[in-house]
There are 2 protein chains.
Amino acid sequence: MSSIQEVAALAQVSTATASRALSRPEMVALSTRQRVMQAAQELAYQPNALARSLRQRETRTIGLIVSDILNPFHALLAKGVQDTAEQHNYVTFLFNSDEQPEKEARAIRTLLGHLPKGLIVVPTSGTRQHLASLPELPVVELDRVTGNPEATTITVDNIGGAHAATTHLLGLGHQRIGMIVGRQDISTAVERQRGYQQALSEAGLDADPALIRSGNHREAAGYQAAHELLALPPHQRPTALFVGNNEMTIGAVLAARELGLEIPRDLSLVGFDDSRWAQTMSPPLTVIAQPAYALGQHACEHLLGLLGGKRASTPAQMQLPTELIIRHSTGPPPLS
Amino acid sequence: MSSIQEVAALAQVSTATASRALSRPEMVALSTRQRVMQAAQELAYQPNALARSLRQRETRTIGLIVSDILNPFHALLAKGVQDTAEQHNYVTFLFNSDEQPEKEARAIRTLLGHLPKGLIVVPTSGTRQHLASLPELPVVELDRVTGNPEATTITVDNIGGAHAATTHLLGLGHQRIGMIVGRQDISTAVERQRGYQQALSEAGLDADPALIRSGNHREAAGYQAAHELLALPPHQRPTALFVGNNEMTIGAVLAARELGLEIPRDLSLVGFDDSRWAQTMSPPLTVIAQPAYALGQHACEHLLGLLGGKRASTPAQMQLPTELIIRHSTGPPPLS
DNA sequence: GTGAAAGCGCTAACAG
DNA sequence: CTGTTAGCGCTTTCAC
């Protein structure tokens, strides 16, 4: 890798001039500029980002921490962020927390060493604490929130989505609707549960605690929870299930299949978050879809906005709508 | 962010000693070391990776370029690489080429500015050229190869996999087996086609060019190709389809559904690469599974190995096995 | 075992 | 418009 010194030498100018010709062309005479450009071209000069950032005391990188890149929803978030960052000439450092607070803490520490200009994070349970000890780093919370009222957040209308899902089920005639929800220390889980309960009480029904199961967002937890709910005595067993996240829905589908329940004849199912398999599985799954890519885009735009000046502006809280997509996993309850 | 100067001041030593205490503890007296450690702790000192790398003239970062992070196969590759890198205290820069040579070129350029110690790349058609102009950067080609015999490559047994898929279909009695293959400038596509043709000729059949369609690896191409193949006159139309990649398989399934063909009664289908939707779709898809995560791990281990000394060693070419997973999308051909 | 000093590659004053 | 100089934060000689 050739340095700016070599470019300067070849173009017969000082390094300062070479630097200017490359970064602020208007400050340099046309002829010199051309000589420098040409030299840079010949040497395939690529500026050393480390040296530049060190000198300027700022980088063009942002950090992104998602909780599971294998989850297509998070992959989409990441792509939205990264594409947007790239458009603005920023580089993204992507980390996985795998829902583990220590991994997240480590990611933040590593990140910090690389002086990112900002951080976008899909929080886990430990995030608020990790963030509290942080310097003046601008942070955007994506999809989930830590509860810090100072934070800029980009989320989805979880309450509305859960409400729509439940109302849809209610409208089909279901009375005993079970919910498989995520961990109670994750904001999306509690919001979705709230939407579910709201819809229920609006319909004059009380949420039966026995019909609510909490799990850790993984397939196995959904499987386990569904098994428990579907093992209830017939007159108490739910005729429909609303599952609060992608991976757990898989588990629920598998459990239902295993029990020989046909969807939607014996059991109706609504998932939260759409995906490839939700569309291709049999029967195609009714879901609450989320604009994942747009979520990532907005998070990045906002972060970059935060960087661009109005630091003192009030923290933005953006909420994107969800959409109920009715496919074939929901129908009227079985006659009992 | 506090600098090493502040740590040194607080510990009442020179910056040189502070640096040593932190990075080479054995070079420093126990008592001083402890003072420095404590000071670092108090200040929550995090070394500036930029400054360090600039001085040491080497980073602890590697680059990774995949062609589509939204493809679960690539997400798994990425996770394998990143987890492994992390274990070795390396940071990964992840880029998407989206199969576009220019995007790949841009990614490489950006990457270069950050002085990665090595690069892992899932090549696209332009890669070999992009790489040729590169400095002495160690490179590992992952999943696909550019054809450069000097290169270190980590791939999968594509020929064997395609052979197994085709043989499976042949064993069920199929005679007219169509193939939907990827672009001919992508190594995996040509290898898979070769395996298919080998199996056919071993069975004494000639590969009928009319039964082979090439597409650009996206769902739409698979859809289009399947439509063409299934529109052939009855006595010429394939009774089974072997689709050479994940995304295109979706397209083929959709096309078959649209034509009212029931799988596997009217049409057998084998896909290359397993995934969530392949398992949950109806009927569950017979596939050639690939060890994606392990692929990523090995690529990273190899790259790190390249860095650790034996630079002159012969280029490694590692090939991992694939596995035929028989589910329910394949069966005997319809009686015609 | 420790400190002083130099320098990685770059850009931002400051002169001229 | 251009060159000289200094210094970002760190590690590494080289002395002592």
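Atoms considered below: every heavy atom in the structure, side chains included; atoms not considered: hydrogens, waters and symmetry mates.
Atom pair B:Leu30:CG and C:dT2:C1' shows a separation of 15 Å (rounding to whole Å applied). Rounding to whole angstrom units, CD of residue B:Gln34 and P of C:dT2 are separated by 12 Å. A:Met27 places its CE atom 9 Å from the P atom of C:dA12, with the value rounded to the nearest Å. Between B:Leu54 atom CG and C:dG9 atom P there is a gap of 7 Å when expressed in whole angstrom units. Rounded to a whole Å, the CD atom of B:Glu26 is 13 Å from the P atom of C:dT2. Residue B:Asn48 contributes atom CG, which lies 14 Å from atom C1' of C:dG9 at whole-angstrom precision. Distance B:Arg55 CZ to C:dG7 C1': 6 Å, rounded to the nearest Å. Taking atom CD of residue A:Gln46 and atom P of nucleotide C:dG9, one finds them 15 Å apart after rounding to whole Å.
For the 3.5 Å distance criterion, the side chains of B:Thr84 and B:Glu301 fail to qualify, holding no donor opposite an acceptor. Residues A:Gln38 and A:Glu42 bring a donor and an acceptor atom of their side chains to less than 3.5 Å of each other.
Considering only side-chain N and O atoms, B:Gln5 lies nowhere under 4.0 angstrom from the phosphate OP1 or OP2 of D:dG9. Distances shown here put every side-chain N or O of A:Thr17 at or beyond 4.0 Å from the OP1 or OP2 atom of D:dT2. Between B:Arg57 and C:dG9 there is a side-chain N or O to OP1 or OP2 distance below 4.0 Å. At least one side-chain nitrogen or oxygen of A:Thr32 sits closer than 4.0 Å to the OP1 or OP2 atom of D:dT2. Considering only side-chain N and O atoms, A:Tyr45 lies under 4.0 angstrom from the phosphate OP1 or OP2 of C:dC10. Remark: A:Arg52 is in phosphate contact with C:dT11, judged by side-chain N or O atoms under 4.0 Å from OP1 or OP2.
Note on A:Arg33: nothing from the nucleic acid sits closer than 4.0 angstrom, heavy atoms only. B:Ser19 comes within 4.0 angstrom of a nucleotide base, judged by non-hydrogen atoms across all strands.
Ionic pairing of B:Lys79 and A:Asp98 is present here: one or more N-O contacts between side-chain nitrogen and carboxylate oxygen are shorter than 4.0 angstrom. Electrostatic pairing of A:Glu99 and A:Arg218 does not count as a salt bridge here, judged by no charged N lying under 4.0 Å from a carboxylate O.
Checking A:Thr155, A:Leu320, A:Thr188 one by one against A:Asp143, the side-chain contact (heavy atoms from CB on, under 4.5 Å) holds for a single residue, A:Thr188. The only member of A:Thr153, A:Leu304, A:Thr152 that meets side-chain contact (heavy atoms from CB on, under 4.5 Å) when paired with A:Val140 is A:Thr152.
Side chain of A:Pro47, nearest nucleotide from D:dT2, C:dC10, C:dG1: C:dC10. Residue A:Ser14 places its side chain closer to D:dG3 than to any other of D:dC1, D:dG3, C:dG3.
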Show the distances under 3.5 angstrom between N or O atoms of the protein and N or O atoms of nucleotides 13-16 of chain C.
| residue | atom | partner | partner atom | Å |
| --- | --- | --- | --- | --- |
| C:dA13 | N6 | A:Arg20 | NH1 | 3.4 |

